[in-house]
Protein chains: 2
Amino acid sequence: MTQATEVLDRVLHLATLVQSDLARFEREAGLTTPRVHLLWVLGEAGPSTQQALARALAVTPRNVTGLVDGLVASGHVTREPHPTDRRATLVTPTTQGARTIRELVESHDDLARRLFGDVAPERLTTFDEVLGATVERFAGLMAAEAAR
Amino acid sequence: MTQATEVLDRVLHLATLVQSDLARFEREAGLTTPRVHLLWVLGEAGPSTQQALARALAVTPRNVTGLVDGLVASGHVTREPHPTDRRATLVTPTTQGARTIRELVESHDDLARRLFGDVAPERLTTFDEVLGATVERFAGLMAAEAAR
DNA sequence: TATTGTTATACTCTATAACTATA
DNA sequence: TATAGTTATAGAGTATAACAATA
């Protein structure tokens with residue numbers, strides 16, 4: 001196995017570990033990955049139409065209906081009327097939903113601190129630079145694929 | 001946002017990009033993520049009982065029944081009798097399944113090469129060392145959680 | 001005419017519980 | 001008695017297609 005493959009495998013391993021940390025959060029909150037993802041988007045974008053959520057999550061509008069139904073049932077969001085467009089609804093976090101979103105962000109930051117907080121700055125910078133260059137290289141590959 | 005959080009976000013971003021590359025493979029092969037995962041395990045372990053697959057995939061035996069049903073229907077694996085235990089079946093790749101597994105490994109290696117192949121060795125080494133130390137730190141965190 | 005969201009339908013992945021055949 | 005796999009049942013996530021209300 002080449003070094004490049006070993007490094008990729010380690011990146012994927014780290015990703016599965018982070019995923020397992022998120023799974024713990026989901027278990028404790030009684031939520032699922034797609035619902036947490038939706039809450040995360042709400043936290044970043046604020047109250048949103050279901051169309052906007054469908055685009056952000058890269059799923060169909062029909063799918064968002066189901067996710068929002070579940071989050072309404074669990075008390076995390078409500079459907080509010082859109083102020084100017086009577087077709088649309090604004091999915092809005094409840095008090096409980098807002099608390100969950102805050103806890104999610106805190107959990108994420110806490111994990112980051114525990115994982116990278118005490119890495120020597122110059123090594124972390126090298127790490128981050130290689131990571132950034134890799135992400136850019138990937139974007140190039142994807143663009144080439146799409147143009148094919 | 002702290003530097004640690006930015007780095008974690010970039011790791012997750014890279015992970016989603018790699019995931020999208022896998023999704024392309026799945027689309028072209030007419031497969032799903034859990035089925036590809038099962039094929040990957042078969043590629044590493046060789047013909048396996050469904051119990052062994054359930055453990056390797058961390059799902060219930062019932063779930064493996066469904067995944068194997070799908071892969072039998074698509075012509076990627078067969079259920080062969082276990083040579084010594086008549087209760088068990090050996091899930092075995094077909095010629096087509098073996099070809100898919102080879103393509104999967106090649107696609108993975110190819111991606112690794114394109115992502116990391118031309119990074120300067122000393123920078124890649126630093127990258128990998130930080131990555132390895134992070135994974136170890138994570139294992140410690142998880143163990144502490146489990147003991148709690 | 002186009003857009004927003006829902007109803008109808010279907011498939012995949014996932015789980016628990018009960019059951020059959022075999023060890 | 002324990003183990004391997006399946007049947008029965010249920011819920012979540014995903015999709016496409018057709019539809020109603022509104023823009």
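Below, chain A is the first sequence line, B the second, and so on; all start at residue 1.
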Go through the structure and list residues passing salt bridge (Lys or Arg N to Asp or Glu O under 4.0 Å) with Arg87(A), not counting sequence neighbours.
Asp85(A)
Taking only nitrogen or oxygen atoms into account, show me every contact under 3.5 Å that the protein makes with nucleotides 18-23 of chain C, one pair per line with its distance.
unit_1  : atom_1 : unit_2   : atom_2 : d
dA23(C) : OP1    : Arg86(B) : N      : 2.9

Who passes salt bridge (Lys or Arg N to Asp or Glu O under 4.0 Å) against Arg137(A), sequence neighbours left out?
Asp118(B)
Indicate, with a heavy-atom threshold strictly under 4.0 Å, whether Thr33(B) touches base, sugar-phosphate, or nothing.
nothing
Got a sec? Which of residues 45-71 of chain B come in under 4.0 Å of DNA chain D, heavy atoms?
Thr49(B), Gln50(B), Gln51(B), Arg62(B), Thr65(B)
Phe127(B): ring pair (Phe, Tyr, Trp, His ring centres under 6.0 Å) partners, not counting sequence neighbours
Phe127(A), Phe116(B)
According to salt bridge (Lys or Arg N to Asp or Glu O under 4.0 Å), who are the partners of Arg86(B), at least two apart in sequence or on a separate chain?
none
Side-chain N or O of Arg79(A) less than 4.0 angstrom from OP1 or OP2 on dT6(C)?
yes
Results of side chain to side chain donor-acceptor pair (under 3.5 Å) for Thr2(A) - residues two or more places apart only
Thr5(A)
Looking at residues at least two apart in the chain, or sitting in another chain, which of them share a side chain to side chain donor-acceptor pair (under 3.5 Å) with Thr78(B)?
Glu80(B)
Winner on side-chain proximity to Thr32(B), out of dA4(D), dC13(C), dA12(D), is dC13(C)
On a heavy-atom basis, the closest approach of Val41(B) and Leu53(B) is CG1-CD2, 3.8 Å
Enumerate donor-acceptor pairs with a distance under 3.5 Å from any side-chain N or O in residues 33-40 of chain A to protein atoms, sequence neighbours excluded.
unit_1   : atom_1 : unit_2   : atom_2 : d
Thr33(A) : OG1    : Glu26(A) : OE1    : 3.1
Thr33(A) : OG1    : Glu26(A) : OE2    : 2.9
Trp40(A) : NE1    : Glu44(A) : OE2    : 3.4

The side chain to side chain donor-acceptor pair (under 3.5 Å) partners of Glu103(B) (sequence neighbours excluded) come to none
Under the side chain to side chain donor-acceptor pair (under 3.5 Å) rule, collect the residues that match up with Arg99(B), sequence neighbours excluded.
none
Quantify the bending of the helix from dT1(C)-dA23(D) to dA23(C)-dT1(D) as the angle between its end axes, each fitted on five pairs, to 10°.
10°
